[in-house]
> 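Got a structure here, written out as structure tokens. Questions coming.
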Amino acid sequence: MDKIQVMADGWKIKMDMLASKKENAQAKLSSVEVQLRGAKEKDDKQAQLNEDLRAQLSSATAERDVLGKDLEAKRSKMEITSVDADEMVSQYKTDVEAVEARLKTNTEYVRRVSRREILEEIHARGSDLSTETEEAK
């Protein structure tokens with residue numbers, strides 16, 4: 001019986017050792033579970049941050065595309081306006097040249113009319129002078 005008692009005591013010691021190992025394993029498992037939960041929370045935060053950044057990137061990309069289209073539209077409008085302005089300047093130059101030609105023609109006409117009037121006045125005076133000369137003789 002002593003042998004059985006010794007064997008039973010040996011088994012109890014082994015059971016206590018196994019219980020201690022089990023408690024240590026459970027403590028380690030709890031620690032790993034806590035670390036896993038922390039890592040999972042950190043991963044969830046990173047995933048949320050990643051989603052937020054993707055949304056911001058998508059928004060910025062869409063805004064860039066809209067601005068690019070707006071820029072192209074404004075460039076096109078500017079080119080059209082530039083062409084229109086060039087045409088207007090060309091037309092004004094043509095109009096100015098025409099006005100200058102008419103002004104030159106009118107100036108020449110006025111100069112000639114003025115000369116004619118002067119000549120007519122001189123001729124009229126010449127007739128008056130000849131009458132005066134005859135009366136004086």
Side-chain angles (χ1 to χ4, degrees):
M1 224 28 171
D2 285 338
K3 267 185 164 184
I4 292 177
Q5 187 62 35
V6 170
M7 271 178 48
D9 287 341
W11 285 103
K12 281 184 185 179
I13 291 172
K14 284 184 180 180
M15 282 177 57
D16 287 341
M17 249 177 26
L18 286 174
S20 175
K21 285 183 181 180
K22 179 182 174 186
E23 287 176 12
N24 284 340
Q26 284 180 340
K28 286 181 182 179
L29 179 62
S30 292
S31 174
V32 169
E33 285 176 346
V34 168
Q35 289 176 353
L36 181 61
R37 270 190 234 112
K40 190 172 185 176
E41 287 175 6
K42 188 176 179 180
D43 185 49
D44 289 345
K45 287 179 184 178
Q46 289 291 333
Q48 183 60 40
L49 179 60
N50 192 8
E51 287 300 316
D52 291 346
L53 290 173
R54 284 181 191 269
Q56 288 177 2
L57 177 62
S58 177
S59 175
T61 302
E63 186 175 345
R64 184 203 63 204
D65 292 344
V66 167
L67 289 174
K69 288 177 183 176
D70 189 36
L71 175 65
E72 286 302 316
K74 290 194 186 287
R75 276 186 183 161
S76 176
K77 186 175 181 180
M78 182 185 71
E79 288 174 6
I80 291 169
T81 303
S82 177
V83 168
D84 289 347
D86 289 344
E87 288 176 3
M88 287 172 65
V89 166
S90 177
Q91 182 63 39
Y92 287 139
K93 282 183 180 179
T94 304
D95 291 347
V96 166
E97 289 170 356
V99 167
E100 285 175 346
R102 272 187 267 145
L103 182 60
K104 188 176 180 181
T105 303
N106 287 345
T107 303
E108 184 65 26
Y109 174 75
V110 168
R111 188 175 61 81
R112 289 184 182 197
V113 167
S114 175
R115 259 187 173 169
R116 189 175 100 214
E117 288 175 355
I118 290 171
L119 287 174
E120 285 176 354
E121 187 179 319
I122 290 172
H123 182 66
R125 279 189 188 171
S127 296
D128 289 341
L129 287 177
S130 63
T131 309
E132 287 176 15
T133 307
E134 283 186 28
E135 285 176 7
K137 284 183 183 178

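Side chains are part of it too, since the values below use all heavy atoms of this structure and drop only hydrogens, waters and symmetry mates. In what follows, residues are counted from 1 in the order of the sequence shown. Just so you know, these numbers come straight off a predicted model, no measurement behind them.
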> With sequence neighbours excluded, what pairs up with Arg54 under the salt bridge (charged side-chain N to carboxylate O under 4.0 Å, His left out) test?
none
> Please check this pair: side chain of Ser82 against backbone of Met78, looking for a donor-acceptor N/O pair closer than 3.5 Å.
no
> Who else is in Trp11's hydrophobic cluster (ILVMFWY, side-chain heavy atoms under 4.5 Å, direct or via others)?
Met7
> With a cut-off of 3.5 Å and sequence neighbours excluded, list every side-chain donor-acceptor pair involving residues 56-69.
unit_1 : atom_1 : unit_2 : atom_2 : d
Thr61  : OG1    : Leu57  : O      : 2.8

> Does any N or O in the side chain of Ser31 come within less than 3.5 Å of the main-chain N or O of Ala27, such that one atom is a donor and the other an acceptor?
no
> How is the hydrophobic cluster of Leu119 composed, in terms of its other members, when Ile, Leu, Val, Met, Phe, Trp and Tyr link through side-chain heavy atoms under 4.5 Å apart, directly or indirectly?
none
> Kindly write out the residues that satisfy side-chain hydrogen bond (donor to acceptor under 3.5 Å, both in side chains) with Glu117, not counting sequence neighbours, or none if the list is empty.
none
> I'd like to check the salt bridge (charged side-chain N to carboxylate O under 4.0 Å, His left out) partners of Arg112; sequence neighbours left out, ordered by chain and number.
Glu108
> Hydrophobic side-chain clustering at under 4.5 Å (ILVMFWY, transitive links): who's grouped with Met15? Put none if nobody.
none
> Taking ILVMFWY side chains as joined if any heavy atoms are under 4.5 angstrom apart, and letting links pass through other members, which residues group with Leu53?
Leu49
> Please list all pairs meeting salt bridge (Lys or Arg N to Asp or Glu O under 4.0 Å) that have one or both residues in residues 13-34, counting only residues at least two apart or in different chains.
none
> Does anything in residues 90-104 form a salt bridge (Lys or Arg N to Asp or Glu O under 4.0 Å)? List the pairs, not counting sequence neighbours.
none
> Quick test of your reading: applying side-chain hydrogen bond (donor to acceptor under 3.5 Å, both in side chains), list the pairs with at least one residue in residues 35-48, sequence neighbours left out, ordered by first then second residue.
Gln48-Asp52
> Suppose the criterion is salt bridge (Lys or Arg N to Asp or Glu O under 4.0 Å): which pairs have a residue in residues 75-90, not counting sequence neighbours?
Glu72-Arg75
